[in-house]
Amino acid sequence: MTNDRDFAEKRFNSPGTFRAAATYTLVVVALAGVAFAFYAFGARDSVFAAALVPAFLFFGGVGAFVRTYGEWKAERGWAAWQGAGWFLMLLMLVALAIPGAAFMAGGIK
């Protein structure tokens, strides 16, 4: 039987976990940045191109949460991955303004 301390412990001292989660987050944000550049400089009239930005962030956040679950099940450090997931989801909510603005400017094309 596990005691309450083991159940609530976050395992913040897992080596390499923060670096892996931070690298993953930076790669996802960079992909979303490339999608934004594609929209801003190439397909300014396309709502679909604008929607790629929050889509990359959403699926990146879901991927981080999947990794969080895997790390938790393996009883390794999972807190950094959960933080990465929430950060990407927050950025996704902010980035939802991009396709909204594209729709208001020109409609679906």
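These numbers come from a predicted model, not from an experiment. The analysis underlying the following values was restricted to heavy atoms, covering all of them including side chains, and did not include hydrogens, waters or symmetry mates.
Of the inter-residue distances, the one linking E71 atom CD with W81 atom CH2 reads 7.5 Å to the nearest 0.5 angstrom. Atom CZ of F65 is separated from atom CH2 of W86 by 4.5 Å, given to the nearest 0.5 angstrom. Here CG of L57 is found 11.0 Å from CG of L52. Values are rounded to the nearest 0.5 Å.
With sequence neighbours excluded, the residues that form a side chain to side chain contact (heavy atoms under 4.5 Å, CB included) with F58 are V62, M89, M92. Among residues two or more places apart in sequence or in another chain, the side chain to side chain contact (heavy atoms under 4.5 Å, CB included) test is passed with V94 by none.
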Atom pairs and distances, side-chain donor-acceptor, residues 20-38, under 3.5 Å, sequence neighbours left out:
residue: T23; atom: OG1; partner: R19; partner atom: O; Å: 2.8
residue: Y24; atom: OH; partner: G60; partner atom: O; Å: 2.8
residue: T25; atom: OG1; partner: A21; partner atom: O; Å: 2.8

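Of all non-hydrogen atoms in A80 and F18, the two that sit nearest each other are CB-CA, 4.0 Å. Nearest heavy-atom pair, P54 versus L96, reported as atom, atom and distance to 0.1 Å: CB-CD2, 3.9 Å. Summarising the geometry of T17 relative to G77, their closest heavy-atom pair is CG2-O, 3.2 Å, with the distance given to 0.1 Å.
Within a 6.0 Å sphere centred on CZ of F87, other residues, nucleotides and ligands contribute 12 heavy atoms or fewer.
The same ILVMFWY cluster, assembled from side-chain heavy atoms under 4.5 Å apart, contains both L91 and V66.
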